[in-house]
Amino acid sequence: MTMHLDINSESYTLYDGKTPSEIHQKHDENQRSWSFNLFDTGKHKRLKISPFEDMCIGVYIDSSSESVYIMSMTETRINVWMLTIMGIGILIFWCAKMLSQNSVFYYACGILFGVTMSILILIYMAGKLVPRGKFMYLIFAGTMSIYLARTLVENAQLIAMQYREWVMWYILITSLISFVICYRFGPVTNTRTKQIIQWFLQIAGLALVYNSSYFREASFSCCIILILLYNFPKTILERGRKYWQNVFPEKRKLLNEDQYRQEGIRETRKALKELQDYCSSPDCNPWKMVLRLKDPIR
């Protein structure tokens with residue numbers, strides 16, 4: 001379920017909670033506290049709603065003259081994006097061991113990490129402008145990183161369209177630098193480090209599977225089933241397969257007369273060809289073989 005808010009003004013705040021009292025409590029706390037909030041701006045116009053629990057939504061408009069807005073609800077029976085996330089999570093969990101030992105995956109993750117985290121260099125350069133002090137610098141770095149991350153995510157499409165060339169050059173340069181650094185240090189060779197990477201990938205895959213549905217009980221059950229199937233002993237599966245074959249044996253298909261004749265001709269030619277190859281090979285002694293035959297001429 002998705003809620004859509006259609007309003008022309010930007011002087012509004014959107015609240016969501018379980019009950020109306022919780023909405024009023026959030027509104028009162030927002031009015032008493034500092035209005036600049038890095039974690040939740042309250043300006044989003046699309047809100048995902050869980051269809052399995054109660055939800056209350058409140059819209060507060062600063063100006064009474066701009067009190068007109070339209071709120072609509074859309075229902076998606078099958079969310080393709082959520083199904084894709086679940087499939088990706090299962091694939092990452094199942095192939096975590098192979099990915100942790102793959103050099104191509106190592107370079108791809110290094111390049112992606114370099115492209116996304118190079119913004120820290122800008123934060124470090126901006127930190128030179130604030131007064132010296134570890135506590136002040138940590139607060140500035142934390143708030144700036146959160147604010148810049150939210151700004152980039154919310155305006156990613158607009159930035160990619162208006163500054164296409166700058167974005168391409170930025171991705172190209174940071175990717176090249178990240179690849180050079182990864183190539184300098186080389187792929188991971190320590191066994192324990194690879195195992196840690198495997199565990200991290202499996203945890204990330206389970207997190208994707210768990211968050212792929214609002215029906216938390218079902219997604220949690222999928223995680224449990226995935227863990228059990230991954231760690232299920234293969235010997236038990238082999239024993240079960242052999243037991244099934246013994247109880248329900250496969251019916252043997254019989255040949256008719258024409259099939260029997262064709263099979264005889266084909267196998268005879270095959271055997272004669274193998275005999276000819278053996279006689280022509282160095283492993284065969286023709287005189288010993290002739291002496292062992294009852295009718296050498298035949």
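We number each residue from 1, following the sequence as shown. These values consider heavy atoms only, across backbone and side chains, with no hydrogens, waters or symmetry-generated copies.
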Next on the checklist: For the CD atom of Q202 and the CD1 atom of I92, what is their distance to the nearest 0.5 Å?
Outcome noted: 11.0 Å
Checklist entry - Okay, side chain of N211, backbone of A207: is any donor-acceptor separation there less than 3.5 Å? => result yes
Checklist entry - Taking only residues two or more places apart in sequence, or in another chain, which ones meet W244 in a ring pair (Phe, Tyr, Trp, His ring centres under 6.0 Å)? => result F248
Item to check | E257 atom CD: more than 12 heavy-atom contacts under 6.0 Å | outcome: no
Checklist entry - Same cluster for L206 and I90 if Ile/Leu/Val/Met/Phe/Trp/Tyr side chains link at under 4.5 Å? => result yes
Next on the checklist: Aromatic contact between Y214 and F52, with the criterion being ring centroids under 6.0 Å apart: yes or no?
Outcome noted: no
Next on the checklist: Measuring from atom CE of M3 to atom CE of M71, what distance do you get when rounded to the nearest 0.5 angstrom?
Outcome noted: 4.5 Å
Item to check | Heavy atoms of other groups near D54 CG, more than 12 under 6.0 Å | outcome: no
Item to check | Min side-chain heavy-atom separation P187-Y107 under 4.5 Å | outcome: yes
Checklist outcome for this item: Taken to the nearest 0.5 Å, the spacing of I57 CD1 from I23 CD1 works out to 8.0 Å
Can you list, pair by pair, the side-chain donor-acceptor contacts under 3.5 Å of residues 220-229, counting residues two or more places apart and other chains?
{"residue": "S221", "atom": "OG", "partner": "E217", "partner atom": "O", "Å": "2.8"}

Checklist entry - Where the side chain of E22 meets the backbone of K18, is there a donor-acceptor pair that is under 3.5 Å apart? => result yes
Checklist entry - What pairs with W81 under side-chain contact (heavy atoms from CB on, under 4.5 Å), at least two apart in sequence or on another chain? => result N79, I85
Next on the checklist: With a 3.5 Å distance limit and no angle check, can you tell me whether Y15 reaches the backbone of Q25 through a side-chain donor-acceptor pair?
Outcome noted: no
Item to check | More than 12 heavy atoms from other groups under 6.0 Å of OH on Y260 | outcome: no
Checklist entry - Heavy-atom distance under 4.5 Å between the side chains of F93 and V209, does that happen here? => result no
Next on the checklist: By the side-chain hydrogen bond (donor to acceptor under 3.5 Å, both in side chains) test, which pairs, at least two apart or in different chains, include something from residues 267-280?
Outcome noted: K273-D277
Next on the checklist: Just to verify, what does D283 make a side chain to side chain donor-acceptor pair (under 3.5 Å) with, not counting sequence neighbours?
Outcome noted: none
Side-chain donor-acceptor pairs under 3.5 Å in residues 191-198, sequence neighbours left out?
{"residue": "Q198", "atom": "NE2", "partner": "Y230", "partner atom": "OH", "Å": "3.4"}

Next on the checklist: To the closest 0.5 Å, what do you measure between CD (Q262) and CG (L255)?
Outcome noted: 11.5 Å
